[in-house]
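Here is the structure we will look at.
What you see is a predicted model, and the numbers here were worked out from it, not measured in a lab. As a basis for the values below, the full set of heavy atoms in this structure was taken, side chains included, without hydrogen atoms, waters or symmetry mates.
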Amino acid sequence: MKGDVYPWIQEYKLLGIPSTFLPYPDKPVFHLLEEAACKYRKNGLIQYDYKMTYPEVKRNCEKLASALLRMGLQKGDRVATILPTSIQFVIADYAISRAGLVHIPSSSLEPFETLKHKFNEGTPKVLICMAHFGETAKRLIAKSTIQNLILTKLDDYATDVAELKGHEIVSDVPGAIWLTDILKLETDIHLPQYVFDVERDIETLLFTGGTTGVPKGCMLTHRNIYANSIQNFYAVGPSAKLMRGAIAVLLGLPFFHSYGHSIMHTMTLLGADQILIPEPRDTKSMVRMIRKYRPVIQFGVPAQFMSLAAEDAKDLNILGISGSAPLPQSAQQSFEQKASGGIMEGYGLSEMSPTTHLNITLMKRLFGGEKGLRFLVLLLSIPGVTHFVNCIMRMQGTRITGRITGALTGFLLKSTGKKEKRKNVERRGTIGIPFPDTEVKILDVDEGRTLSWEEVLSGKTGEMCLKGPQRMLGYWPTPGSGLDDEGYVRTSDVVKVDERGYFYVVDRTKDMIIVGGYKVYSREVDEILHHHPDVAEAATVGVPDPAREGSERVVVFVKPKNGHKAKITEESIITYLSDRVAKYAVAKAVGIVDELPLTAVQKVDKKALREKAIALYSRSSAVKKGGKQKGKMKDSRVKRKRREKKRR
């Protein structure tokens with residue numbers, strides 16, 4: 001099917017989203033910062049109440065870029081970072097880009113062997129990391145191509161140091177250079193004016209999470225990242241232009257992850273005040289920063305929104321955009337009821353820079369359905385209206401704009417929440433529609449053939465494949481690797497699509513459970529369990545069935561809500577599922593846990609759960625088998641006594 005007849009094109013028209021952004025600017029990624037420093041001089045980055053404006057970020061970025069080149073690095077060389085979401089990460093990212101180098105973002109939560117693998121593959125010459133990570137950095141230097149080490153501390157850029165936990169620890173590394181020393185130098189900056197081939201020059205070498213195998217380096221070009229920033233920016237329609245330079249946003253997601261990395265660039269394009277939360281589990285700090293700086297939007301992962309709802313932080317009045325992992329509908333409901341906030345779900349993968357879909361039907365609901373949205377789009381299309389409103393918003397500052405916008409958001413959520421018809425305008429459980437210029441094909445899971453859109457829209461599910469201007473060049477170091485013959489990335493996600501073009505992720509092909517030939521979609525079981533009154537979180541996995549080769553058994557893990565642990569038993573969960581799923585999809589074992597294992601980016605670690613599930617299923621089967629044997633022995637004794645009684 002050609003792009004002009006995709007079913008979601010009509011949604012673009014309704015939402016005021018252009019059907020294409022072609023041609024994309026032939027600009028390198030650091031141009032995003034240069035533009036923000038020119039247009040939004042008062043805005044910038046906020047970390048522990050310390051603010052660095054965009055012009056200051058640009059100046060520091062140029063100093064670091066110059067220092068990297070003085071170390072002997074040349075265009076195309078790699079620089080690795082092990083940094084949390086922080087001012088330092090942003091400076092490093094744009095400095096590496098400005099120097100014509102390639103960034104390898106990494107996490108301190110990754111095992112040493114994983115980091116060693118990434119660095120042996122990517123061969124970075126410089127490592128920039130937090131000082132408390134110095135001892136591990138020394139080990140990495142001994143096992144890799146790293147020649148120079150740059151250290152930094154979070155409290156280098158912090159006014160409120162009380163919230164820092166353990167980051168003040170410093171490891172002494174001989175020969176290391178301090179980032180603050182580089183940025184304090186007032187020397188002339190001489191940076192070469194490189195000519196960038198934005199479609200071929202790599203900007204970031206972003207390694208996949210490795211939860212299902214060895215991490216692979218996605219070669220993301222300047223075009224990939226710049227294009228995805230534009231796609232993200234316009235995904236909310238014409239209201240994006242209203243917000244330019246006028247709002248604050250809260251970023252509590254890791255920048256070393258593809259989602260956080262992309263949103264950081266998008267918010268720089270937006271010219272927003274970026275409130276940075278270095279510790280993604282620090283819910284109390286998030287609440288404090290929201291109340292102080294009044295961000296209009298929070299970008300996060302489902303676990304963070306669930307934690308905010310559990311804090312019972314009333315009247316946050318914030319719009320959330322969730323990604324990285326599936327968003328349970330119960331989390332949306334809880335966040336709305338307890339925090340007066342609404343959440344929109346997005347979708348992406350590292351190979352696509354990463355974002356490809358967003359569900360903004362919440363905006364439809366808030367603005368009065370399709371009629372109200374059409375009126376807003378028409379109003380903002382009148383010449384001068386958007387510019388005039390944006391000027392007023394910028395004049396009153398991000399905090400006042402945030403308070404007004406937040407109050408309006410809270411009011412609209414409460415008023416529309418009482419009207420079932422208005423509330424039903426919002427489509428929950430969907431990842432939304434694809435971004436403009438994103439091409440999609442769907443493969444039959446069993447046969448591997450491309451499904452027609454007639455088949456898909458009639459309810460057929462299949463594996464989603466994607467390409468577009470944000471698609472990677474390939475896996476390091478070979479362009480084209482990881483792509484099929486038509487240039488598509490296979491996502492491993494099984495989807496269905498409704499009549500308006502909204503996508504629903506049914507499961508991952510790797511997480512799909514096959515029970516006697518029947519497919520069990522683990523995400524659907526998870527969603528059902530999230531509606532259990534005593535369950536806070538749930539995850540479903542499959543384990544090999546020892547009695548049937550090639551078949552699996554369903555195992556679920558549940559985390560009870562606070563104070564509800566005594567109410568949950570294996571039997572009660574199995575009974576709950578028996579009433580709601582097919583017989584073959586009912587769990588054969590249930591694990592009741594205090595916490596579900598999470599990856600570094602707060603996704604449920606199903607690889608770790610499968611290992612636990614195998615042991616759990618073995619124990620559960622043994623107990624049940626023993627129970628049956630006891631039952632059989634008891635029945636045998638009863639029958640024998642009856643026979644003896646008859647003979648007498």
Side-chain angles (χ1 to χ4, degrees), residues 24-34 61 64-65 68-69 71-83 89-90 92-106 115 117-128 144-146 191-210 214-231 255-262 264-266 268 348-355 466-483 487 489:
Y24 287 88
D26 291 327
K27 300 284 187 182
V29 168
F30 64 83
H31 178 260
L32 294 169
L33 176 61
E34 291 180 339
C61 151
L64 178 56
L68 291 171
L69 294 176
M71 292 175 186
L73 276 69
Q74 298 179 351
K75 187 172 182 283
D77 284 342
R78 273 77 63 199
V79 176
T81 61
I82 303 177
L83 298 169
F89 185 102
V90 180
D93 188 84
Y94 283 115
I96 293 166
S97 176
R98 179 64 186 88
L101 307 171
V102 179
H103 187 185
I104 305 178
S106 306
L115 290 170
H117 164 77
K118 289 168 70 168
F119 293 174
N120 286 337
E121 286 287 310
T123 62
K125 293 185 176 179
V126 176
L127 172 62
I128 306 172
S144 67
T145 56
I146 297 168
L191 290 169
Q193 297 301 314
Y194 291 123
V195 176
F196 286 88
D197 180 349
V198 297
E199 293 189 347
R200 305 295 296 178
D201 286 348
I202 304 168
E203 201 272 349
T204 300
L205 186 57
L206 191 66
F207 280 80
T208 58
V214 177
K216 291 175 283 191
C218 301
M219 295 187 287
L220 304 181
T221 65
H222 287 267
R223 166 58 52 79
N224 294 153
I225 294 170
Y226 209 124
N228 201 222
S229 299
I230 291 172
Q231 291 170 317
F255 282 177
F256 59 76
H257 182 257
S258 58
Y259 177 34
H261 188 252
S262 171
M264 179 266 288
H265 288 303
T266 304
T268 304
L349 63 161
S350 301
E351 291 84 347
M352 295 295 289
S353 300
T355 325
L466 300 166
K467 70 176 179 179
Q470 74 271 48
R471 191 217 64 206
M472 68 174 181
L473 194 61
Y475 290 128
W476 176 264
T478 310
S481 58
L483 312 177
V489 171

Once the angle between the rings of His103 and Phe89 is folded into 0 to 90°, is it parallel (under 30°), tilted (30 to 60°) or perpendicular (over 60°)?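 Rings of His103 and Phe89: tilted, 30 to 60°.
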Side chain [X], main chain [Y], donor-acceptor under 3.5 Å:
| X | Y | value |
| --- | --- | --- |
| His222 | Glu199 | no |
| Ser97 | Asp93 | no |
| Thr266 | Ser262 | yes |
| Ser481 | Tyr475 | yes |
| Thr221 | Arg200 | no |

Testing the basics here: between [X] and [Y], what is the closest heavy-atom pair and its distance to 0.1 Å?
| X | Y | result |
| --- | --- | --- |
| Cys61 | Ala95 | O-CB, 3.3 Å |
| Lys75 | Val195 | CE-O, 4.0 Å |
| Ser353 | Asn224 | OG-CB, 3.3 Å |
| Leu483 | Val489 | CD2-CG2, 3.5 Å |
| Gly260 | Phe255 | O-CD2, 3.5 Å |
| Lys467 | Gly487 | CB-O, 3.5 Å |

cation_pi(Lys27, Phe196) dist<6.0 Å, angle<=45: no
Going through the checks in order, is the side chain to side chain donor-acceptor pair (under 3.5 Å) test met by Gln231 and Asn228? CA-CA 5 Å; Gln231 291 170 317; Asn228 201 222; 3.1 Å; yes
SB check Arg223 Asp201 (cutoff 4.0 Å):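 Not counted as a salt bridge, because no side-chain N and carboxylate O are separated by less than 4.0 Å.
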Is there a side chain to side chain donor-acceptor pair (under 3.5 Å) between Arg78 and Thr123 once you walk through the steps? CA-CA 7 Å; Arg78 273 77 63 199; Thr123 62; 2.7 Å; yes
His265 and Tyr226: CA distance, side-chain angles, deciding distance, side chain to side chain donor-acceptor pair (under 3.5 Å) verdict: CA-CA 8 Å; His265 288 303; Tyr226 209 124; over 6 Å; no
Start with the C-alpha distance between Thr355 and Gln470, add both sets of side-chain angles, then the distance that settles side chain to side chain contact (heavy atoms under 4.5 Å, CB included), and finish with yes or no. CA-CA 8 Å; Thr355 325; Gln470 74 271 48; over 6 Å; no
Taking it one step at a time, do Tyr24 and Ile230 satisfy side chain to side chain contact (heavy atoms under 4.5 Å, CB included)? CA-CA 9 Å; Tyr24 287 88; Ile230 291 172; 4.0 Å; yes
